[in-house]
Amino acid sequence: MPELPEVETVVRGLRKQLPGRTIVSVHLEKTDFIDDPRAVGEMAPGRRIVAVERLGKFIRIPLEPGGSGNRSEAPANLIVHLGMTGRLAVRPPQEPVLPHTHAFFHLDDGSELRYTDIRRFGQMMLLPEEGLAALCEKLGADPLDISADEFCRRLGTRKARIKALLLDQGVLRGVGNIYADESLWRARIHPARIGARLSKAELLHLRTALQRILRKAIDQRGSSISSFLDAEGKPGGYQKWHQAYQRTGHPCPRCGTTIRRAIFAGRSSHFCPRCQPAPRGVRRRAARKRKR
DNA sequence: AGCTCTTCCTGAAAGC
DNA sequence: TGCTTTCAGGAAGAGC
């Protein structure tokens, strides 16, 4: 599932191919994941791609104003969220089309930008500058840039569980289940702890762990779980480094205790019950549950 | 404010 | 063997 490192990997790949290209035409198959399919189909053709950027887990492809005349004067941004199974890649037109490919952007050099998404949990939209500003406002800080002070303020003052806070895109943009679990394991913090009850040292440790893990994962071109492939169709390598995520029943690499799985904030969470001691209240409930 | 549950969707894997 | 059920999860919305 694409999270910050996977999206960053895709963005870096697309950045080598897309800027400077002009969208010649658009072909859409299934459109239920697109906000306004007609707008995408009509506004994108004739416009030149300026850049490729990452906004949390969103991919932003700004398009130059102008294009083929008529109503396409205002700047627009093609925004793509990969959801669970989304893939965005530039392919030669003769390359066989993968099943579940729903959007084709024909480019002026003959290649195609293709969007493939088995489960269609992804999103696609064409946003004017105001819409983009509104989206950015909803998103929290980028975890790679956030200062220690802001991290403590955003997470250390909230009464929600730390796992929920890490996953909340309005708090931090880009963290998903894999990197939430991995950073909590590394910082030795139980996922059910309340943000406001974490010590300053724990918060600082968590920020450092999260940043190191995200940077390393980007170096490894992301984690390939449930068939994530980058813009060039290559798998990432960070899944080899997972210490807790999806390692239920395996020994904790630090202390040997069996990694456990439980649902917190509606998400399956993987943690070491010894390294990451549970807060009061959770301990009793966890005792009578034993899955997998 | 923040929790849980449900919905969207498909394919893999487990269960019978 | 082959069918049915369960699960996975990002995000949004409902209801508590």
Side-chain angles (χ1 to χ4, degrees), chain A residues 1-8 10 29-35 37 54-59 79-88 98-103 115-125 127 131 134-140 142-143 153-182 184 190-198 214 222-229 239 242 244-249 259 261-270 278-282 285-286 289-292:
Chain A
M1 56 258 23
E3 302 181 23
L4 189 154
E6 292 76 32
V7 177
E8 180 66 26
V10 170
E29 298 275 338
K30 288 190 179 169
T31 58
D32 55 358
F33 63 99
I34 305 177
D35 261 26
R54 182 181 61 76
L55 298 171
K57 299 179 198 172
F58 288 92
I59 297 169
I79 305 292
V80 179
H81 192 297
L82 301 176
M84 289 292 301
T85 52
R87 287 173 58 178
L88 197 55
L98 290 170
H100 307 288
T101 299
H102 307 301
Y115 180 71
T116 307
D117 190 349
I118 297 172
R119 293 182 204 172
R120 301 207 301 286
F121 275 20
Q123 277 175 263
M124 184 179 289
M125 49 204 160
L127 292 183
L135 173 66
C136 287
E137 213 159 295
K138 279 196 296 181
L139 294 175
D142 193 289
R153 188 164 52 73
R154 280 183 178 269
L155 291 94
T157 60
R158 300 278 302 270
K159 288 175 185 155
R161 289 173 166 170
I162 191 65
K163 175 72 183 261
L165 293 171
L166 286 170
L167 294 178
D168 186 338
Q169 301 300 297
V171 174
L172 294 175
R173 53 172 79 173
V175 181
N177 213 28
I178 297 173
Y179 300 102
D181 279 5
E182 289 298 308
L184 287 171
H190 192 280
R193 298 276 304 278
I194 301 299
R197 299 221 184 115
L198 295 178
L214 290 174
S223 301
S224 280
I225 301 224
S226 83
S227 73
F228 163 78
L229 298 173
Q239 66 280 2
H242 292 177
Y245 183 76
Q246 285 195 347
R247 293 194 67 254
T248 313
I259 296 288
R261 190 187 84 109
I263 305 291
F264 296 112
R267 290 272 161 267
S268 72
S269 303
H270 311 77
R280 291 203 171 280
V282 175
R285 267 182 294 153
K289 261 191 150 184
R290 202 143 304 175
K291 276 201 159 186
R292 273 225 281 210

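Chain naming here is simple, since letters A, B, ... match the order of the sequence lines and numbering starts at 1 in each.
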Please confirm whether the shortest side-chain N or O distance from [X] to OP1 or OP2 of [N] is below 4.0 Å.
X: A:Lys57; N: C:dA11; result: yes
X: A:Tyr245; N: C:dG9; result: yes
X: A:Arg267; N: C:dC7; result: no
X: A:Arg161; N: B:dT4; result: yes

Could you write out each protein N or O paired with an N or O of nucleotides 11-14 of chain B at a distance under 3.5 Å?
residue: B:dG11; atom: OP1; partner: A:His100; partner atom: NE2; Å: 2.8

Sorted by chain and number, sequence neighbours left out, side chain to side chain contact (heavy atoms under 4.5 Å, CB included) with A:Ala160 holds for A:Leu165

Sequence neighbours excluded, the answer for side chain to side chain contact (heavy atoms under 4.5 Å, CB included) partners of A:Arg120 is A:Lys30, A:Asp32, A:Phe33, A:His102

Among B:dT10, B:dG2, C:dG10, the one nearest any side-chain atom of A:Glu3 is C:dG10

(message) If stacking means aromatic ring centre less than 5.5 angstrom from the base's six-membered ring centre, planes under 30°, is A:Phe121 stacked on C:dA11?
(response) no

Bend of the helix from B:dG2-C:dC16 to B:dC16-C:dG2 from end-axis comparison, five pairs per end, nearest 10°, comes to 60°

Contacts of A:Asp117 meeting salt bridge (charged side-chain N to carboxylate O under 4.0 Å, His left out) (sequence neighbours excluded), chain-then-number -> none

Which pairs, protein N/O on one side and nucleotides 14-16 of chain C N/O on the other, fall under 3.5 Å?
none

### Task
Determine yes or no for a side-chain-to-main-chain donor-acceptor pair under 3.5 angstrom, with A:Glu182 supplying the side chain and A:Ala244 the backbone.
yes

